[in-house]
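In what follows, every chain begins at residue 1, and chains take the letters A, B, ... in the order their sequences are listed.
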Protein chains: 2
Amino acid sequence: MGRPVNHQRRAELLDQAVEYAIEHGFADLSWRPVAAALGVSTTTLVHHFGTKEQMLETILGRLRERTNAQVGAQPSLAAAARTAWVRTSDPRQWAEFRLFFAVYGRALQEPRLFAEFLDRVVTDWMNALVDAQGPDADPASARRRATLVIATIRGLLLDLLATGDRERVQDAAEAFLAALPPDA
Amino acid sequence: MGRPVNHQRRAELLDQAVEYAIEHGFADLSWRPVAAALGVSTTTLVHHFGTKEQMLETILGRLRERTNAQVGAQPSLAAAARTAWVRTSDPRQWAEFRLFFAVYGRALQEPRLFAEFLDRVVTDWMNALVDAQGPDADPASARRRATLVIATIRGLLLDLLATGDRERVQDAAEAFLAALPPDA
DNA sequence: CGGTTTATAGAACGATCGTGCTAGGAACGA
DNA sequence: TCGTTCCTAGCACGATCGTTCTATAAACCG
């Protein structure tokens, strides 16, 4: 059993596992391929993470930390939207977006793990983006605005990542961003 | 080999397979569970569909027909958006939406089949929704509007289906629909 | 030094996967 | 009636999956 674990070694393996997930997605995230990519045996992974579901949960937690760090640093709702879109101009950063959207696909069939993750992440977004709209904004309408902006950007990004066709969404995305109140 | 097939029998099995996919998603869509649910043997499915990937492709084709029939019947862009949202008030219809969004998740890791499907479906949407905006509209801006409305609705629906929390998106969705030009 | 704890690895078990091989009936034209 | 074509089924193969059992080094502490 994988009871006693050194947390430092575990953190090392976790970082490498997250990188593997970003590159390969959740589809082939089984013990053996991950272990081979990390240069360890499956037993080592089991020892440090326990169950495959626990490893998934741990990876998702790490992913949430990353996302929160990026969203929380945005000074305004419009800035957050622009940042997300601009980041897609570098195809090397697509992998991380891709992994994130893969969670949405999984949440449709494994709610207890992936939908729970989304629940937390979207709540985090909401809080950060409502705060970014300033303390004088009406909370209800601020939430409504944030929800709509998130949904629109998410829809555009999803189309872009799923089809790989940037041309299709570029005009619409720029029109949407240009129409956003710059400081809201 | 599954070469010669009676197309009527094949169509029967296909309809049942599509229903199974709507209920269970693509995750457990392997020969044996489908065959068991349909009351036939795996050999029968192989005989009629050839390869598992070919069965998936056939199911996706059927799904595209369904979607086109619904979108193509919409008189306007705003009506299409409203129809999609209203349909989510009945949780029994969530399964079909769910299956559709599962395609987006799969497209991130299996482009040759699922992304190709999305490419066609979104193009179909675009044509139908640009037509629905009337012949006097500027084609470029009509495309831009359709892309944005599709993206926003898709983002809202995805949030709703992935988290199951209708309350979170309801206000934003209704605000968005109310702000849409009614006849555009 | 000896003993306990931790990290790592190899092997194997049962389950499920896609697929191929073999073969039994049913329908139907010659 | 015989032969061909089509539908259906059972079985087995190799591969991969998550997990468990067993064993070997290394580190740490008395």
Rounding to 0.5 Å, atoms CD (A/Glu96) and CD (A/Gln70) come to a distance of 5.5 Å
Taking A/Thr88's backbone N and O only, do any of them form a donor-acceptor pair with A/Arg166's side chain (distance below 3.5 Å, no angle check)? yes
query: Is any NZ, NE, NH1 or NH2 atom of the basic residue among A/Asp171 and B/Arg143 found under 4.0 Å from an Asp or Glu carboxylate oxygen of the other?
result: no
- prompt: Donor-acceptor pair, A/Arg168 side chain versus B/Val122 backbone, under 3.5 Å?
  reply: no
Note: contacts of residues 109-117 of chain A with DNA chain C (heavy atom, under 4.0 Å) are none
A/Arg9 atom CZ is separated from D/dA27 atom C1', nearest whole Å, by 15 Å
Rounded to whole Å, the CZ-P distance (A/Phe49 to C/dA7) equals 12 Å
Nucleotide by nucleotide, nucleotides 13-20 of chain C touches protein heavy atoms under 4.0 Å in the pattern (B base, S sugar-phosphate only, - none) ----BBB-
Between CG of A/Leu45 and C1' of C/dA9 the distance, given in whole Å, is 12 Å
Separation of D/dC7 atom P from B/Leu38 atom CG, nearest Å, is 16 Å
Whole-Å distance, A/Gln16 CD to C/dT8 P, equals 11 Å
Here the distance between atom P of C/dA7 and atom CG of A/Leu13, to the nearest Å, is 10 Å
Sequence neighbours excluded and cut-off under 3.5 Å, please list the side-chain donor-acceptor pairs for residues 29-41 of chain A, or say none.
{"residue": "A/Ser41", "atom": "OG", "partner": "A/Thr43", "partner atom": "N", "Å": "3.4"}
{"residue": "A/Ser41", "atom": "OG", "partner": "A/Thr44", "partner atom": "N", "Å": "3.3"}
{"residue": "A/Ser41", "atom": "OG", "partner": "A/Thr44", "partner atom": "OG1", "Å": "3.3"}

| Think A/His47 has a side-chain N or O under 4.0 angstrom from the OP1 or OP2 of C/dT8? | no
Q.
Hydrophobic cluster membership, with links at side-chain heavy-atom distances under 4.5 Å among I/L/V/M/F/W/Y: are B/Leu158 and A/Leu113 in one?
A. yes
To the nearest 0.5 Å, atom CG of B/Leu60 lies from atom CZ of B/Phe117 at 5.5 Å
* A/Thr51 side chain vs A/Gln54 backbone, donor-acceptor pair below 3.5 Å -> no
### Message
For a quick test of reading the model: is some side-chain N or O of B/His48 closer than 4.0 Å to OP1 or OP2 of D/dT8?
### Response
yes
Original post:
Closer than 4.0 Å, any side-chain N/O of B/Thr44 to the OP1 or OP2 of D/dA9?
Top reply: yes
Between the CG atom in B/Leu77 and the CZ atom in B/Arg82, the distance rounded to the nearest 0.5 Å is 10.0 Å
Separation of D/dC7 atom C1' from B/His7 atom NE2, nearest Å, is 14 Å
